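Nothing here was measured: the structure is a model prediction, and the numbers come from that model. Convention: sequence-line order gives letters A, B, ...; per-chain numbering from 1.
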Amino acid sequence: MSAQQPLLTMDRVSIVMTLVPYLIEKGPVAVAVAAADFDVSAETMRAMAEGLTVIGLPGGMDHELFGIDWDLLDTHDELAMLNTVAFERTPRLTSREAAALLAGLQLAQSLPGVKNRGVVAGLMAKLARGAGATPGQLVLSADPVDDVRVAVMDALDRGVAISFTYRRPDSTSPTTRTVDPVRVLISDAEWYVRGWCHTRRAMRTFHLDRVSDPIVTDIPSASHDDPDAPVFSGEGVDSLVRVSYPNHLVPLLGQYLDHGDVEAGPERSSVALRVADDHSLKRLAARRGGAVIIEEPESARRVAADWAAAGLAQYE
Amino acid sequence: MPTKIPPEERLLSLTVALMATRVGLTKEQILSSVSGYREKREEGVKATALEKMFERDKDELRRLGVPIHTLGETADPDDLREARYLIPPTEYVLPPDIDFSPAEVAVLNLAGTVWSESSMSTDARSALRKIRSLGIDVDEPIIGFAPRVSVRDPSFAALQSANEQARVVRFTYVTPGDDTPRLRRVAPLALIEFEGRWHVLARDLARDADRTFLLSRIVGAVEVTADTFDAALRDGAGVRAERGLQDVARRNIAELEVRENSEAALRLRRRATRKGDTLRVPFVDAHVLADELASYGPEVKVIAPDALRALVVSRLQLTLAAHTRPEPGAEVTA
């Protein structure tokens, strides 16, 4: 995930406070395993373990208070504690840590892999009790689950392909797809399924609102390698459109801006976006009622003007 | 040659020292003996600088959840020379009766991944580290689900910490349709993500009434004041906020004509009920729905309510004006 980011001082402090009980509980553990569990690189993990041994008690008695097994580290690249004077036990959660997990549980509780374990209610109570101070009130409201979502999650759970009708915006006709689902992505309340499309013979992301008539098949899903693919990986991306927007709209445009080259200005900024065609951004422009402007090319600009004019014509 | 002690070593040494003492250590004892301070003092760093460093370190450690207690203050609360500092080990550690099953850890591992890169994801990650350090075996990971919640609103962090510390905040808020942004002074009771947008349920202290604010309409920075509010006001506020938004949606119904098989029809159908040739769509906020409906252009016609129709029409007019170039290079003002 973010193993490559440099650690701040307080991150290091917090990791050491949990690394000691971890090593005591686990016994000898490979540096690579510990690094993965703590979400840091192997070099960082090695350096942090070595750093443990220089912590001292008051008065300058610089004998090792925390001893690690140096031989084991040198010969097998494994970590083990030999002696400790503190931090033997896991610290409490802070209220923010508890709140982050509690909110995550609310969102995750409707997913089948979570629901059928039946542990959410108990966990919520434990997290609240395991925090040093009352966690703040943070709610992630889960969306109601409809038949399409149920079918996709069912197919995923059973490891079978799903077939459905898919209609892309502004396409003239829907297509029927058979897909080996790899994962369900839920981003800002929008649901997508990522999977291997039998028709296109490639990994594709489908917006579940555009899916209809789902059929869970008996065809076993093949296994597909797909490390952390972005949500925005459309079919046929070949047009470059420049869009300008007032800076205060940045939080509302987040996903678009993550994938384009931004040219920042004092009041308004602009971004060059790779999109499928001239039609791709007319809906964004209309949604923001003139605040987001398609600048180039002229053809895309005209598509947005025509789109708004056609909408208005209904009211004349 | 003076040895340079990294700050993490000083902070960890301080924590070890304060946990090892039963009666507490005075500031003088700490500065003269704890590794990191001691070396600095020997190098001749001024007492005031060292004391400031100690104050900062205490604050940082408390932020990590380390319970540092101050004992035996003298009559003068500003005079902390006599004060003794310590960390009671029982308050530092996770209560021993809290244990997690392998299934629970698997669920928590998923719950901890829902946050996109933000301070929330940092908190979730450090929480998971603590739970992993209990050394519990984990069930097979729950694969196939990647829920992601992003926190893009710049006001989120300030509101969250004010909510957590029960502190009153001040911010400028734009109510749509009212051009004058107004200063609000409120007690933030709960933060809620609903239909992909962040809201804060807050007690408006001037009106003594609860209001729900959209974070995207807060202008500029949120100021966390020194005033506190009764933390009990927060109890159940999250549930109340969610129910409140659901109630509003039930009361507000948009009546729409929607073109068959269009993007609009697909996107609206999950929320809508059909009545004759029209779709009835519940909504929380007319301006937010108008944004969405305008994006559908000719695919949707608003039948009712009138106010919603007017909002959609004005968005379409502004979009048309902004994309019609009067003459090359001329400035379009929306």
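Of the charged side-chain nitrogens involved, at least one lies within less than 4.0 Å of a carboxylate oxygen, so that B:D97 and A:R129 count as a salt-bridged pair. Ionic pairing of B:D291 and A:R287 is not present here: no N-O contact between side-chain nitrogen and carboxylate oxygen is shorter than 4.0 angstrom. Salt-bridge annotation for B:R129 and A:D37: absent, with no side-chain N of the basic residue lying under 4.0 Å from a carboxylate O of the acidic one. Note on B:E91 versus A:R92: no salt bridge recorded, every NZ/NE/NH1/NH2 to OD/OE distance being 4.0 Å or above. Salt bridge present: B:E299 and A:R283 bring a charged side-chain N and a carboxylate O closer than 4.0 Å.
Interface summary for chain A: among B:Q246, B:Q165, B:E292, the most heavy-atom pairs under 4.5 angstrom belong to B:E292.
B:T90 touches chain A through its backbone: at least one of N, CA, C or O sits under 4.5 Å from a heavy atom, while the side chain does not. For A:E88, no part lies near chain B; criterion is any non-hydrogen pair under 4.5 Å. Residue contact with chain B, scored on non-hydrogen atoms closer than 4.5 Å, involves the backbone of A:V211 exclusively.
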Which is it for A:T90 and B:S133 under the side chain to side chain donor-acceptor pair (under 3.5 Å) test, yes or no, and what are the steps along the way? CA-CA 6 Å; A:T90 298; B:S133 76; 2.8 Å; yes

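Evaluation of the ring-ring contact (aromatic ring centres under 6.0 Å, His included) rule for B:Y92 yields no partner, not counting sequence neighbours. A search for side chain to side chain contact (heavy atoms under 4.5 Å, CB included) contacts involving A:T94 returns A:R96, A:E97, B:K130, not counting sequence neighbours.
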